[in-house]
Amino acid sequence: MNDSMMDLILSSENMHRAWKQVKSNGGSPGADGMTIEEFPDFLKSRWNRIKRALLLGYYVPSPVLRVEIPKKSGGKRLLGIPSILDRVIQQAIAQVLNPLFDPDFSDSSFGFRPERSAHGAVRQVNSYVKSGYKYVVDLDLEKFFDTVNHDILMHRVSGKVRDKSVLKLIGRYLRAGIQLENGEIAPTEMGTPQGGPLSPLLSNILLDRLDKYLEGRNVQFARYADDVIILTKRKCDADKLMREITVFLEKRLKLVVNQTKTKVAKIMECSFLGFTFKGKKIRWTDSSFEDFRYKLKHLTRRSWGVSMEYRIGKLNEYIRGWINYYGISQFYRP
DNA sequence: ACTCAGGCTAC
RNA sequence: GUUGUAGCCUGAGU
Ligand SMILES: Nc1ncnc2c1ncn2[C@H]1C[C@H](O)[C@@H](COP(=O)(O)OP(=O)(O)OP(=O)(O)O)O1
Ligand SMILES: [Mg+2]
């Protein structure tokens, strides 16, 4: 164990794999304006200096670029887009930290994890429904990534990461600052950037405490990012759990429970990852199907300039993609 | 078997 | 204009 974790992160094998991932994402530039195409030449000329700065602990990440995108539920999502270089470095960190943290994560945690999926979460919930669970606490956090508390998160990370230079670097990524759309730079006061390759893992490291808390309470649940569903057999248990979990999240993890999206309901009234559970069967929600119909309508509307074949191709790939996700529905009757 | 495009969904 | 993680699907090439 003579090699430090930072050496492992910066090893050419790991960095090469990180770059391939960032490249294949094909994302647009961060605040420094550098594109993926320009990046290899830039790195060739500067990598020795950058690597030295990282190893000696004086590397300072660029601020993330603030971009606002609309959320499906209405409102706007505040993305924080790192520079290509910082995406590669964060990805390299994530590749080393993931195998370190993932094995100890809960079996009921499904979001952002390798070899785990929304389908897995939905199937687990359905298996509980089949064994007689009738009530749920459906819980969501408000602006989850944006409200992550740095101190609590870093404390969790330091439980497994001993390398001070890695901790320092992650801390600097959390406080990289934000370049606003008007060009001004604002400091980051809290949160992990929506758009940072490392952010999903960090969010799981933080909410792993919730998973362990729920496991300790011996309740059946599934979590996908900040979307948590807890199943009970009696309504009074659900009511009690909702209050207690809210206190836990807000007092111990300093997160904000989304009061409008969080509720106790009968299982067939709840929606989870686009699905609902009716008569012990998995079904898409009405709102998912409405989105589907709306987009179909848009795709079948005649538009000038593109050929019929092109539009039919687009339509087919959309339908195929949608069925591919919602096809696990055991649709029988509406 | 592997590489590379593109796409859908969840968050 | 739009970033990230993950699952899956289709296609092309060697
Ligand atoms: N398109 C995306 N790009 C990057 N990160 C995302 C994206 N969608 C979701 N996330 C991450 C960041 C979010 O904080 C987290 C939970 O998603 P979600 O609950 O939809 O939004 P939110 O928690 O930020 O706002 P809200 O208050 O509406 O719940 O998942
Ligand atoms: Mg949320």
Side-chain angles (χ1 to χ4, degrees), chain A residues 17-18 20-31 35-36 62-73 76-84 86-91 93-95 97-98 101-102 105 109-123 125 139-146 173 176 178-179 181 191-205 207 222-229 258 261 271-275 282 284-285 287-289 291-292 295-296 299 310 313-329:
Chain A
R17 194 152 56 89
K20 279 196 355 182
Q21 169 74 14
V22 171
K23 186 172 65 148
S24 81
N25 283 343
S28 58
T35 64
I36 287 176
S62 307
V64 296
L65 179 67
R66 165 68 78 244
V67 171
E68 295 180 4
I69 62 169
K71 273 192 284 199
K72 208 155 60 177
S73 55
K76 53 196 171 189
R77 162 161 277 117
L78 305 175
L79 298 181
I81 302 175
S83 70
I84 303 287
D86 288 321
R87 263 175 258 173
V88 174
I89 297 168
Q90 279 192 45
Q91 178 65 32
I93 298 170
Q95 283 168 8
L97 295 200
N98 224 318
F101 283 91
D102 197 85
F105 284 161
S109 164
F110 291 91
F112 309 138
R113 293 180 61 189
E115 297 170 342
R116 294 188 158 249
S117 63
H119 285 166
V122 168
R123 278 192 290 263
V125 168
L139 188 139
D140 190 276
L141 297 169
E142 206 169 305
K143 304 242 171 311
F144 175 37
F145 278 29
D146 302 334
Y173 270 117
I178 305 155
Q179 180 160 78
E181 275 144 345
T192 186
Q194 303 188 43
L198 188 55
S199 294
L201 174 61
L202 295 179
S203 79
N204 272 336
I205 291 172
L207 282 192
R223 181 174 71 78
Y224 194 98
D226 69 339
D227 210 344
V228 190
I229 187 165
N258 194 328
K261 288 194 202 166
S271 94
F272 183 57
L273 309 178
F275 294 96
I282 300 167
W284 51 64
T285 60
S287 122
S288 302
F289 194 69
D291 291 351
F292 179 63
K295 193 137 183 206
L296 270 194
L299 282 168
Y310 178 82
K314 281 283 164 203
L315 192 67
N316 278 337
E317 75 185 11
Y318 175 66
I319 294 170
R320 196 192 318 120
W322 196 91
I323 297 285
N324 183 27
Y325 182 74
Y326 287 100
I328 71 155
S329 297

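Note that these values count all heavy atoms, side chains included, but never hydrogens, waters or copies made by symmetry.
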Inset, instruction - Give one of base, sugar-phosphate or nothing for A:Ile81, where a contact means two heavy atoms less than 4.0 Å apart. - result: sugar-phosphate
Inset, instruction - Please work out if A:Tyr326 contacts a base, only the sugar-phosphate, or nothing of the nucleic acid, heavy-atom cut-off 4.0 Å. - result: sugar-phosphate
Legend entry - RNA chain C: stems of at least 3 consecutive Watson-Crick or G-U pairs whose donor-acceptor distances fall under 3.5 Å: B:1-11 with C:4-14
Inset, instruction - Indicate, with a heavy-atom threshold strictly under 4.0 Å, whether A:Ile69 touches base, sugar-phosphate, or nothing. - result: base
Inset, instruction - Name the nucleic acid region contacted by A:Asn204, choosing base, sugar-phosphate or nothing; use a 4.0 angstrom heavy-atom cut-off, strictly under. - result: nothing
Inset, instruction - Take atom CG of A:Asp102 and atom P of C:U5, then tell me their distance rounded to the nearest Å. - result: 15 Å
Legend entry - Rounded distance in Å - CD (A:Gln90) to P (C:G4): 11 Å
Inset, instruction - Identify the 5'-most and 3'-most nucleotides of DNA chain B with at least one atom closer than 4.0 Å to a non-hydrogen atom of chain A. - result: B:dG7 to B:dC11
Legend entry - Main-chain N/O of A:Leu79 paired to A:Arg66 side chain as donor or acceptor, under 3.5 Å: yes
Legend entry - ring pair (Phe, Tyr, Trp, His ring centres under 6.0 Å) partner of A:Trp284, chosen from A:Phe275, A:Phe289, A:Phe272: A:Phe289
Inset, instruction - Scan A:Asn316 against the nucleic acid and name what it touches under 4.0 Å (heavy atoms): base, sugar-phosphate only, or nothing. - result: nothing
Inset, instruction - Could you work out the separation of C:U3 and B:dC4 based on their C1' atoms and round it to a whole Å? - result: 22 Å
Legend entry - Position toward the 5' end of DNA chain B (nearest nucleotide), A:Lys314 or A:Ser288: A:Lys314
Inset, instruction - Report yes if at least one side-chain N or O of A:Asn25 is closer than 4.0 Å to OP1 or OP2 of C:U3; otherwise report no. - result: no
All N/O pairs under 3.5 Å across the protein-nucleotides 6-8 of chain C interface:
from	atom 1	to	atom 2	distance (Å)
C:A6	O2'	A:Arg113	O	3.3
C:A6	O2'	A:Arg116	O	2.6
C:G7	OP1	A:Glu115	N	3.0
C:C8	O2'	A:Asn324	OD1	2.6
C:C8	O2'	A:Asn324	ND2	2.8
C:C8	O2	A:Asn324	ND2	3.2

Close N or O pairs between protein and nucleotides 10-14 of chain C (under 3.5 Å):
from	atom 1	to	atom 2	distance (Å)
C:U10	O4'	A:Arg320	NH1	3.3

Inset, instruction - State whether the number of non-hydrogen atoms from other residues, nucleotides or ligands found under 6.0 Å of A:Glu181 atom CD is greater than 12. - result: yes
Legend entry - Contacts of type ring-ring contact (aromatic ring centres under 6.0 Å, His included), residue A:Phe110, not counting sequence neighbours: none
Inset, instruction - Please indicate whether A:Lys71 has more than 12 foreign heavy atoms, meaning atoms of other residues, nucleotides or ligands, lying under 6.0 Å from its NZ. - result: yes
Inset, instruction - Pick base, sugar-phosphate or nothing for A:Lys23, based on heavy-atom distances below 4.0 Å to the nucleic acid. - result: nothing
Inset, instruction - Among the candidates C:U2, C:U3, C:U5, find the nucleotide nearest to the side-chain atoms of A:Val67. - result: C:U2
Inset, instruction - Would you indicate, yes or no, if C:U3 has its OP1 or OP2 atom less than 4.0 angstrom from a side-chain nitrogen or oxygen of A:Arg77? - result: no
Inset, instruction - Return the set of residues passing ring-ring contact (aromatic ring centres under 6.0 Å, His included) with A:Tyr173 (not counting sequence neighbours), or none when no residue passes. - result: none
